[in-house]
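Okay, so here's the structure we're looking at.
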Amino acid sequence: MTHSTANPADRVLRVGDHTFDSRLFVGTGKYPDLEVMKTALEASGTQCVTVAVRRLKLGVPEGKSLLDYIDRQRYVLLPNTAGCFTADDAVRTARLGREAGMSDLVKLEVLGDKDTLLPDPAGTLEAAATLVGEGFTVLCYTSDDPVVARRLEDLGVAAVMPAGAPIGSGQGILNPNNISIIIERATVPIIVDAGVGTASDVAVAMELGADGVLLNTGIALATEPVRMARAMRAACEAGRDAFLAGRIPKRRYASASSPTEGTIAFAGE
Amino acid sequence: MTHSTANPADRVLRVGDHTFDSRLFVGTGKYPDLEVMKTALEASGTQCVTVAVRRLKLGVPEGKSLLDYIDRQRYVLLPNTAGCFTADDAVRTARLGREAGMSDLVKLEVLGDKDTLLPDPAGTLEAAATLVGEGFTVLCYTSDDPVVARRLEDLGVAAVMPAGAPIGSGQGILNPNNISIIIERATVPIIVDAGVGTASDVAVAMELGADGVLLNTGIALATEPVRMARAMRAACEAGRDAFLAGRIPKRRYASASSPTEGTIAFAGE
Amino acid sequence: MTHSTANPADRVLRVGDHTFDSRLFVGTGKYPDLEVMKTALEASGTQCVTVAVRRLKLGVPEGKSLLDYIDRQRYVLLPNTAGCFTADDAVRTARLGREAGMSDLVKLEVLGDKDTLLPDPAGTLEAAATLVGEGFTVLCYTSDDPVVARRLEDLGVAAVMPAGAPIGSGQGILNPNNISIIIERATVPIIVDAGVGTASDVAVAMELGADGVLLNTGIALATEPVRMARAMRAACEAGRDAFLAGRIPKRRYASASSPTEGTIAFAGE
Amino acid sequence: MTHSTANPADRVLRVGDHTFDSRLFVGTGKYPDLEVMKTALEASGTQCVTVAVRRLKLGVPEGKSLLDYIDRQRYVLLPNTAGCFTADDAVRTARLGREAGMSDLVKLEVLGDKDTLLPDPAGTLEAAATLVGEGFTVLCYTSDDPVVARRLEDLGVAAVMPAGAPIGSGQGILNPNNISIIIERATVPIIVDAGVGTASDVAVAMELGADGVLLNTGIALATEPVRMARAMRAACEAGRDAFLAGRIPKRRYASASSPTEGTIAFAGE
Amino acid sequence: MTLTVNGEATTVPTPSNVEDLLRRLRIDARQVAVERNRTLVRKTDYAATLLVAGDVLEIVSFVGGG
Amino acid sequence: MTLTVNGEATTVPTPSNVEDLLRRLRIDARQVAVERNRTLVRKTDYAATLLVAGDVLEIVSFVGGG
Amino acid sequence: MTLTVNGEATTVPTPSNVEDLLRRLRIDARQVAVERNRTLVRKTDYAATLLVAGDVLEIVSFVGGG
Amino acid sequence: MTLTVNGEATTVPTPSNVEDLLRRLRIDARQVAVERNRTLVRKTDYAATLLVAGDVLEIVSFVGGG
């Protein structure tokens with residue numbers, strides 16, 4: 001049995017013109033080395049990997065570079081604007097990323113400050129408007145604020161990516177109420193981005209009805225990144241399936257799983 | 001890639017003389033029909049299924065019975081003592097189950113009352129002592145009380161099965177602190193039993209370090225039991241892998257996943 | 001012993017030019033009737049009450065109005081801009097409120113949509129800048145986003161009022177991590193506004209270090225509003241005292257409160 | 001306004017033949033010194049204090065002792081059996097406590113092990129039966145297991161005291177579902193004992209409907225014990241009042257507290 | 001002349017100022033605030049503020065709110 | 001003679017053993033277990049276990065449970 | 001004769017009763033309780049309770065606890 | 001002439017275009033992107049884009065990020 005036949009009824013995820021069978025988006029930062037990253041990406045089953053845009057180091061003889069470890073037949077590149085704190089910087093970085101990657105996808109981040117790395121709403125909205133206007137397929141990192149999420153959808157982003165918790169914090173989904181409000185009102189895919197610490201965090205996000213999850217540190221800095229990548233893949237499939245399967249309601253008291261009738265005659269009966 | 005090669009480093013789970021590759025234990029009650037149950041059990045990947053012991057209905061022409069839907073080459077039978085409220089009733093039921101199933105395994109339940117279906121500690125300890133003495137391999141349902149768990153281990157049970165929440169309640173792991181204290185001090189496998197509502201509950205239990213999870217209602221009463229069975233399987237593997245992989249610590253503030261140096265010159269620089 | 005002498009070491013709360021002994025801010029909407037409101041306000045101990053600005057009903061003989069039930073020697077009026085969805089509407093409403101109440105205080109709300117009543121960050125920032133420029137003492141309702149909170153402080157608001165949960169939802173503090181990040185970085189008072197359902201929610205907010213709590217529905221729609229008002233008052237004092245008193249750290253295992261030595265000789269010793 | 005008139009409708013708490021206006025029970029261990037303890041007990045408003053029974057140190061000239069700091073006109077003594085790990089040891093200790101204190105009250109603890117200090121159910125039940133038979137008014141420490149709670153009630157204890165979390169752990173109420181099931185089915189007062197770390201924990205316990213809370217370490221080891229004692233008192237009153245006042249239900253979305261009609265004409269209207 | 005007051009067409013004599021309008025509507029000026037054509041009218045300017053046909057007036061007071 | 005089988009009065013010829021009872025009730029012995037007067041009867045003892053008037057028999061099999 | 005008092009060997013004259021023992025140890029009887037060989041001695045029985053060589057006594061009082 | 005490339009002063013012959021610059025710096029043009037004075041230079045425009053003294057160039061590539 002393979003997983004593709006195990007999930008016969010699920011539809012592919014569409015983001016702009018791209019379609020994905022895997023709903024996991026994985027970053028390429030912070031791995032012990034690029035070989036581990038390559039194996040972890042494979043284990044994760046992802047079809048889309050984020051990359052950062054940074055100055056080439058001049059005068060340094062070029063060794064192997066990141067892209068030598070990323071099979072572009074297998075993975076779609078998703079350049080990010082990480083490290084940008086203004087709309088203008090993010091737009092410039094996005095343009096460079098598109099030119100370098102020959103891809104229209106961009107993970108837009110306009111950050112508010114260095115302590116929280118949470119997005120700046122005003123800058124994010126401004127940059128999103130510009131990039132949508134320039135034809136980018138914008139996957140937009142944002143807080144878990146349902147109002148900002150809606151504004152971004154109105155601007156035409158291809159996917160809204162609310163933070164579950166601060167980047168790299170590993171705290172999981174801090175405010176499931178907000179995330180599920182965003183999902184319930186969404187007109188584009190919602191991909192939970194940032195904050196995932198372990199597999200159950202991914203499952204929880206998908207069970208809320210998220211269309212996908214993006215993560216990086218949770219895999220890259222785990223003691224065993226490859227095993228954790230496998231865990232994240234399975235958790236993403238588990239959470240998606242559980243969402244589609246329709247879970248039982250919660251009850252405060254018990255409900256027997258074995259028949260309550262037909263027991264043998266008990267002492268005293 | 002198959003899941004068995006994807007988990008090369010995990011060891012099998014030993015419970016008494018039995019070994020299991022799958023760490024999911026699945027009940028056979030409450031499915032829409034026995035065909036759905038059969039398919040769901042396959043999808044779950046389980047190798048051990050619980051069954052209840054009940055009076056045969058006399059004078060009713062025998063149609064197909066439960067065991068016609070359970071391939072005993074594939075699944076080990078785990079008769080339970082569900083519905084018993086005294087040690088004596090549970091012991092008698094366990095003996096009948098062993099004789100009917102020709103298996104030394106028993107899931108011991110001595111319940112305290114019908115509202116909570118939570119175990120009666122005194123009755124459970126008494127019945128466990130008797131059954132261990134009679135050579136049963138006792139998998140013992142109990143509350144999440146670490147003291148009772150230890151007493152059961154001292155009596156020689158093969159596995160301790162603390163409740164995450166009341167049977168059938170779907171509330172998940174209500175007290176992770178207690179469950180992890182039980183796990184940290186355990187000398188036998190700890191299998192979280194009861195309370196699982198959805199896939200992430202299974203992942204959470206396994207991430208706490210549980211050796212396995214037993215569930216029934218969460219699959220059987222889901223809108224799509226077969227899909228939920230698949231979800232539970234994946235969640236169990238995800239949680240186990242995440243536990244073994246060593247998750248990142250939680251932080252309150254952010255930690256960048258992309259390099260903080262090497263950005264292009266920003267406005268104002 | 002009275003409560004005022006019981007808190008000798010606490011400082012008064014300063015918001016703009018105003019000082020308050022009570023850290024509870026209470027709304028005047030939704031009470032069964034104005035007599036109940038009056039008694040509840042007294043029981044709450046508040047010194048500052050919010051009021052809404054609405055069209056006078058023309059042609060209706062004036063009976064007793066809201067202000068007939070509010071002793072302005074005892075309570076500072078805090079007109080709000082509830083119901084406004086643009087910066088311009090909020091600014092106009094704030095100006096009307098100032099003129100009607102002869103108070104420079106305004107609770108600024110610029111809402112994003114009618115389902116969530118969560119604030120619109122862009123509109124809120126715009127209106128805050130305008131009103132600060134016009135000399136208002138702005139207490140600004142906002143989401144729990146630490147970045148927006150900081151932007152508002154930079155604009156010169158007198159207090160930031162992050163939502164614990166959607167207005168009237170009674171869910172308490174959904175994201176304590178965000179609220180405490182806001183508090184840790186604050187340069188003005190942080191007053192948790194919206195979402196409070198019961199007394200412990202107030203205590204939790206104050207224990208996080210909030211400078212105050214604003215609530216309305218939790219009191220007004222309780223079965224017994226006056227008793228709930230008393231509860232909120234006590235919870236506010238309790239949470240504030242607990243914050244100042246320095247709580248014990250959390251431990252996973254136990255630590256005896258009675259001496260572990262000096263017990264009598266036990267059986268077997 | 002005093003608190004006694006502020007809570008006109010509340011009834012006194014009856015435990016055996018004793019009645020209490022205050023629902024807080026406070027331990028006397030671990031304070032920086034006995035003067036601080038004395039002041040903290042006063043600030044807490046408690047009318048019942050727990051004490052431990054320990055060997056007198058022989059040959060040491062007697063200085064001031066614990067009882068010199070406890071006004072027995074004001075406080076009822078509640079001797080405990082802390083440190084006992086068998087029913088027999090607890091019974092002997094209880095008898096000594098009664099003789100020393102000339103009080104029929106006993107806080108029964110029969111502990112399971114030194115790491116968790118959680119109660120041993122079998123030993124607790126055995127000792128409770130004996131002490132009830134000897135005429136003690138037994139306030140019985142137990143886990144949060146609803147089945148054991150019911151067994152203790154059946155034996156005739158005067159109050160059941162479930163642990164919110166391990167003694168001294170400061171984790172609060174780890175399993176509110178269990179505590180509220182115990183409360184809903186109770187025929188005697190339920191006093192949450194152990195685990196309280198800060199004021200909101202007390203409020204939460206009372207809001208669940210507990211009849212009282214017993215705590216020690218949360219006050220004694222706070223940075224400022226006297227202030228924390230005041231906080232605990234206020235939180236107990238707050239939680240009790242909130243429970244009686246009937247809180248609003250939780251909603252996922254918002255509900256306006258200001259009128260949604262009657263706003264001024266907005267831009268675009 | 002006809003004005004819009006709180007969304008409703010209202011006829012008043014010409015000339016009228018804000019003070020006249022309030023008196024005509026039997027409104028106690030102390031507890032209200034008035035806006036004319038989206039601009040606040042200070043209480044001290046009521047008498048001096050002449051109304052013009054087509055003016056849009058908002059007259060507000062405080063009601064319970066949170 | 002009359003026995004109680006699974007809570008119901010049941011008449012069987014005298015003498016009868018457990019094997020006879022199961023055959024009479026058309027029960028496939030392989031999938032059941034039998035208890036007589038609260039004591040288990042091993043499958044190997046069915047033929048040797050003579051029933052006595054007033055015996056209380058429980059005949060059980062597996063059903064779905066969790 | 002030698003007794004064990006609170007775990008320590010203690011020599012007292014023969015005969016001694018519990019009251020004698022407390023006086024000898026300069027213990028105020030009002031705030032303590034006494035157990036002899038795992039059985040409580042009521043305060044009213046102190047004088048009547050003669051000690052025997054080898055007796056194990058526990059003399060306790062209250063200390064801070066939770 | 002002197003340019004600023006990735007924040008560092010860099011001297012190149014006059015005239016030079018972007019293609020010349022990359023070749024001189026031994027940079028494989030396929031994996032980079034170039035910005036001149038805060039405006040992107042498309043790969044197809046490298047040869048046609050003449051550099052001017054004082055130009056600020058950014059030459060970037062992809063690195064690991066999340």
Side-chain angles (χ1 to χ4, degrees), chain B residues 1-10 23 172-173 176 180 198-210 213 227 230-269, chain H:
Chain B
M1 190 187 72
T2 68
H3 271 284
S4 57
T5 64
N7 294 316
D10 200 4
R23 288 164 179 276
I173 309 295
S180 64
T198 186
S200 57
D201 297 336
V202 174
V204 166
M206 296 305 291
E207 286 168 359
L208 291 173
V213 171
R227 190 190 288 273
R230 277 200 304 262
M232 297 300 190
R233 174 194 189 148
C236 188
E237 293 168 357
R240 176 68 181 170
D241 256 342
F243 171 69
L244 295 172
R247 64 158 289 160
I248 56 171
K250 292 187 184 185
R251 308 159 49 100
R252 291 192 48 241
Y253 281 84
S255 170
S257 53
S258 300
T260 53
E261 310 222 319
T263 54
I264 57 174
F266 287 158
E269 295 184 26
Chain H
M1 62 183 166
T2 300
L3 315 169
T4 300
V5 180
N6 286 2
E8 297 173 22
T10 304
T11 305
V12 297
T14 307
S16 287
N17 60 33
V18 171
E19 191 173 296
D20 298 332
L21 175 68
L22 292 177
R23 193 179 314 113
R24 184 180 179 84
L25 292 171
R26 299 171 189 275
I27 292 170
D28 178 350
R30 287 169 303 177
Q31 296 201 353
V32 303
V34 178
E35 188 194 62
R36 174 170 169 257
N37 301 331
R38 299 181 186 265
T39 301
L40 183 76
V41 184
R42 303 294 308 263
K43 283 183 201 290
T44 49
D45 298 336
Y46 285 174
T49 302
L50 276 181
L51 298 172
V52 177
D55 273 358
V56 177
L57 280 294
E58 297 283 353
I59 307 174
V60 303
S61 67
F62 290 136
V63 299

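Numbered from 1 within each chain, the chains take letters A, B, ... in sequence-line order.
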Could you tell me whether R42(H) atom CZ has more than 12 heavy atoms of other residues or ligands within 6.0 Å of it?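 12 or below, so no.
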
Closest contact, heavy atoms only, G64(H) versus P259(B):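 For G64(H) versus P259(B), the nearest heavy atoms are O-CD, 3.1 Å.
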
Minimum-distance pair of heavy atoms, taken over all atoms of E35(H) and I264(B):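 Nearest pair, atom of E35(H) first, then I264(B): OE2-CD1, 4.3 Å.
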
Using atom types as modelled and distance alone, determine if a side-chain donor or acceptor of S258(B) lies under 3.5 Å from a backbone N or O of G66(H).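 Yes; judged by distance alone, with no hydrogens or angles, the pair exists.
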
